[in-house]
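Source: prediction; values computed, not measured.
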Amino acid sequence: MTNTLTVRSIAAMLLAVFGVSLAACDQVEALSEPTYRIVVGLDREALEDRDLNAEQLDAAIQSTIEVISRRIDATGSAGHRVSDLGKGRLAVDFPGNLDPESAKNLLGITAKLEIKLVDVTALPTDVAKGVYPPGSEIVPMRDGSGQVALKRLGGLRGKNISRAQVGYNESSNAPVVNVEFDEKGAKRFAVLTTANVGSPMAIVLDDEIISMPIIAEPIVGGQVQISGNFTQGSANELAIMLNSGALPVPLVILEERALGN
């Protein structure tokens, strides 16, 4: 009798434990099931001057899917899906633990980062009229405060980034993004800053200047701090995008809705 009761008790305990475990698994699965969809499409207007053939466009779309997946993975949101709908459209389905506005930011920003030297020979009055020296280009300030002539060559691109993470400015305690370059990028950045101490450089994100610091001294450690009136959320989003890589093609939001509606 004792043995029978013991076996029954153990069996009941096992059922209870496994029952709870299975219920917990069901809850996790339910939480990770996609509940929201955003449909994005290629920005055809922005692609007009790229002149991509069909094969190059297909490769760009596949690369775009990979970048989107890396970006959403980095938020810690499990259970997302990225589907190719054809005709340059992608459906991104994700669970409710990822805020739709954050998701749209991750999908709608190319995150092409560049560091360029400011052309100090350009007169502000000329730049305001759209006139700039040969070898330079005019780039607007993101905050709408004007535009600046930047040198086209001699800068650094985001493809040389090895890591980006959120930090805080030591004096203002404002959120910033600390960027670390790979070996090749660090060497180029050291040469750039050593040769231009005392000159301004521009940090450009998606063809807009987000900050324009003065090079106070040679930067040989391969690190740079990006400031730009970030909130904690926007700094985190930029770090995610820089770590995941720039989108190979610009995207536009075409549709968004809760799944099941």
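- Listed for the Asp43 side chain is no donor-acceptor partner under 3.5 Å among the backbone atoms of Leu251.
- Residue Ile210 is grouped with residue Leu117 when hydrophobic side chains (ILVMFWY) are merged at heavy-atom distances under 4.5 angstrom, including chains of intermediate members.
- Ile161 and Ile209 fall into different hydrophobic clusters, defined by Ile, Leu, Val, Met, Phe, Trp and Tyr side-chain heavy atoms under 4.5 Å apart, directly or through other members.
- Atom CD of residue Glu180 and atom CG of residue Asn243 lie 10.5 Å apart, to the nearest 0.5 angstrom.
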* Check step by step if side chain to side chain contact (heavy atoms under 4.5 Å, CB included) holds for Val176 and Ile226. => CA-CA 6 Å; Val176 297; Ile226 301 176; over 6 Å; no
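- Without hydrogens or angle criteria, Asp182 side chain to Gly185 main chain gives a donor-acceptor distance under 3.5 Å.
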* Step by step, would you call Ser136 with Asp119 a side-chain hydrogen bond (donor to acceptor under 3.5 Å, both in side chains)? -> CA-CA 7 Å; Ser136 294; Asp119 190 338; 2.5 Å; yes
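- In the model, Tyr36 has a side-chain atom that pairs as donor or acceptor with a side-chain atom of Glu256 under 3.5 Å.
- Side-chain atoms of Arg81 never come within 3.5 Å of backbone atoms of Asp93 as a donor-acceptor pair (strictly under, hydrogens ignored).
- Counting heavy atoms from C-beta on, the side chains of His80 and Val92 never come closer than 4.5 Å.
- The hydrophobic cluster containing Ile115 does not contain Val139, counting ILVMFWY residues as joined when their side-chain heavy atoms lie under 4.5 angstrom apart, directly or transitively.
- A 6.0 Å sphere centred on CZ of Arg70 holds more than 12 heavy atoms belonging to other residues, nucleotides or ligands.
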* What's the verdict on side chain to side chain contact (heavy atoms under 4.5 Å, CB included) for Leu156 and Glu114, showing C-alpha distance, side-chain angles and the deciding distance? -> CA-CA 6 Å; Leu156 198 62; Glu114 299 173 285; over 6 Å; no
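- Side-chain contact of Gln232 with Tyr168: a donor-acceptor pair under 3.5 Å is present, judged by distance alone.
- Of the options Ile38, Asp99, Leu259, Thr75, a side chain to side chain contact (heavy atoms under 4.5 Å, CB included) to Phe94 is made by Ile38 and by none of the others.
- Between Leu90 and Val39 there is no side-chain heavy-atom pair separated by less than 4.5 Å.
- Residues Leu205 and Leu106 do not share a hydrophobic cluster, defined by chaining ILVMFWY side chains whose heavy atoms lie under 4.5 Å apart.
- Between Pro218 and Val197, some side-chain heavy-atom pair lies under the 4.5 Å cut-off.
- Looking at every heavy atom in both residues, Asn169 comes nearest to Ser172 through OD1-N, 2.9 Å.
- The residues Asp206 and Lys112 are annotated as not salt-bridged, no charged nitrogen and carboxylate oxygen being separated by less than 4.0 angstrom.
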* For Val249 and Ile61, run side chain to side chain contact (heavy atoms under 4.5 Å, CB included): C-alpha distance rounded to whole Å, both residues' side-chain angles, the deciding distance at 0.1 Å, then the answer. => CA-CA 8 Å; Val249 289; Ile61 290 174; 5.6 Å; no
* To do: Please report the C-alpha distance between Glu137 and Lys116 in whole Å, then the side-chain angles of each, then the deciding distance to 0.1 Å, and finally whether the salt bridge (charged side-chain N to carboxylate O under 4.0 Å, His left out) criterion is met.
  => CA-CA 11 Å; Glu137 60 183 341; Lys116 295 187 174 186; 2.2 Å; yes
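- Closest of all the heavy-atom pairs between Val177 and Leu238 is CG2-CD2, 4.0 Å.
- Residues Met201 and Val224 have side chains in contact (heavy-atom distance under 4.5 Å, counting atoms from C-beta outward).
- Note that the CG atom of Asp73 and the CD atom of Glu66 stand 12.0 Å from one another [nearest 0.5 Å].
- The minimum heavy-atom distance linking Leu42 with Val252 is given by the pair O-CG2, 4.2 Å.
- Side-chain atoms of Met241 and Ile109, non-hydrogen and from C-beta on, do get closer than 4.5 Å to each other.
- Listed for the Ser234 side chain is a donor-acceptor partner under 3.5 Å among the backbone atoms of Thr231.
- The CD1 atom of Ile219 sits 10.0 Å away from the CD atom of Gln223 when rounded to the nearest 0.5 Å.
- In this structure, the side chains of Val118 and Met212 come closer than 4.5 Å at one or more pairs of heavy atoms.
- Distance check: Gln225 CD to Ile203 CD1 gives 9.0 Å after rounding to the nearest 0.5 Å.
- Counting only N and O atoms by type, the side chains of Asn105 and Glu237 include a donor and acceptor under 3.5 Å apart.
- Considering every non-hydrogen atom in both Val120 and Pro200, the closest pair reads CG1-CD, 3.8 Å.
- Under the 4.5 Å side-chain criterion, counting only non-hydrogen atoms from C-beta, Gln165 is in contact with Arg163.
- Leu247 and Leu107 make their closest contact through CD1-O, 3.6 Å (heavy atoms, listed as atom of the first residue, atom of the second, distance).
- A donor-acceptor pair under 3.5 Å links the side-chain atoms of Thr193 to the main chain of Ala190, judged by distance alone.
- Cluster membership check: Leu113 shares its hydrophobic cluster with Phe181, using side-chain heavy-atom separations under 4.5 Å among Ile, Leu, Val, Met, Phe, Trp and Tyr.
- Across every non-hydrogen atom of Ser211 and Ser227, the tightest pair is CB-O, 3.1 Å.
- Within the 4.5 Å cutoff, the side chain of Ile72 has heavy atoms near those of the Leu98 side chain.
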